[in-house]
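Comments concern the structure below.
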Amino acid sequence: MEQNRPGFRLRLNLFDAIVILIALAAAAFLLWQRLRPSAPAAAPAAARIEYTIHLRQTLPGTGERVRPGDALVDAVKNIDLGEVSAVRTAPAVRSIINEVEECYTTAEIPGYEDIYITVQASGTVSESQVLVGGGYAVRVNEAVFVRGPGYLGSGEIYSIERGE
């Protein structure tokens, strides 16, 4: 004897139909968001960039070798960093612990000087980075190794000013 088995039959009421339609609409929207072409990114703008490099604890007399008009080059990547526009030297200082007053104080380091080199370069400015010399990313507090005519030094980028 054969048993009479009824076939699968989907019975939906109005509430089930509305829930399914909302789920299909949400899936279609998410798929459209994922597959639609994104807006073209804004091209980086060319600008004149002025930034300052701080060389710490250099030997006395090194600051006299750095002159405005010198071409600076990254000593590691051999990329042009721009042209020196100003130089300032100051006594080398360091934060030390004052154990009597239990705080940090600034003290000079005898026999050394700090050099602040202001560099002007042309580059591109985008929302996320500043590039000089065709691809060198300039960021504040980033370590930099510079080479100029007659001197070599390491320090960090102290400040950046973007121009037009």
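Bear in mind that the values here come from a model prediction, so they are computed numbers and not experimental data.
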[atom1]/[X]: more than 12 non-hydrogen atoms of other groups inside 6.0 Å:
X	atom1	answer
E102	CD	no
E142	CD	yes
E64	CD	no

Given 3.5 Å as the limit, does a donor-acceptor pair link the side chain of [X] with the main chain of [Y], or not?
X	Y	value
T58	E113	yes
S85	T118	yes
D114	Q57	yes

About how many Å separate [atom2] of [Y] and [atom1] of [X], when rounded to the nearest 0.5 Å?
X	Y	atom1	atom2	answer
Q120	E50	CD	CD	5.0 Å
R48	E161	CZ	CD	13.0 Å
I109	I96	CD1	CD1	9.5 Å
L31	L24	CG	CG	12.0 Å
I18	N13	CD1	CG	9.0 Å
R147	S154	CZ	OG	14.0 Å

Same cluster or not: [X] versus [Y], using hydrophobic residues (I, L, V, M, F, W, Y) connected whenever any side-chain heavy atoms lie under 4.5 Å apart?
X	Y	value
V140	I49	yes
I22	L14	yes
I79	F145	no

Any side-chain heavy-atom pair of [X] and [Y] under 4.5 Å:
X	Y	answer
V144	L81	yes
I53	L72	yes
V87	I115	yes

Which atoms form the tightest heavy-atom contact between [X] and [Y], and what is the distance?
X	Y	result
A143	Y136	O-OH, 4.1 Å
P60	G111	CD-O, 3.1 Å
I160	I157	CG1-CG2, 4.0 Å
G82	A121	CA-CB, 3.8 Å
A137	Q129	CB-OE1, 4.2 Å
V138	V132	CG2-CG2, 3.4 Å

I'd like to know whether E156 forms a salt bridge (charged side-chain N to carboxylate O under 4.0 Å, His left out) with R56, so could you lay out the CA-CA distance, the side-chain angles of the two residues, the decisive distance to 0.1 Å, and finally the verdict. CA-CA 8 Å; E156 68 269 345; R56 294 184 186 265; 3.0 Å; yes
Aromatic plane relationship, Y116 with Y158 - under 30° parallel, 30 to 60° tilted, over 60° perpendicular: perpendicular
Worked verdict on T52 versus I117 for side-chain contact (heavy atoms from CB on, under 4.5 Å): CA-CA 5 Å; T52 303; I117 303 172; over 6 Å; no
side-chain contact (heavy atoms from CB on, under 4.5 Å) between N98 and Y104, intermediate numbers included: CA-CA 6 Å; N98 184 342; Y104 283 96; over 6 Å; no
Apply side-chain contact (heavy atoms from CB on, under 4.5 Å) to residues Y112 and L59 and explain how you reach the verdict. CA-CA 5 Å; Y112 293 100; L59 294 174; 4.1 Å; yes
Does R65 qualify as a cation-pi partner of Y151, given the criterion of NZ or CZ under 6.0 Å from the six-membered ring centre and within 45 degrees of its axis? no
Under the criterion side-chain contact (heavy atoms from CB on, under 4.5 Å), I'd like the reasoning laid out for V73 against N78: C-alpha separation, chi angles, the key distance, then a yes or no. CA-CA 6 Å; V73 177; N78 205 26; 3.4 Å; yes
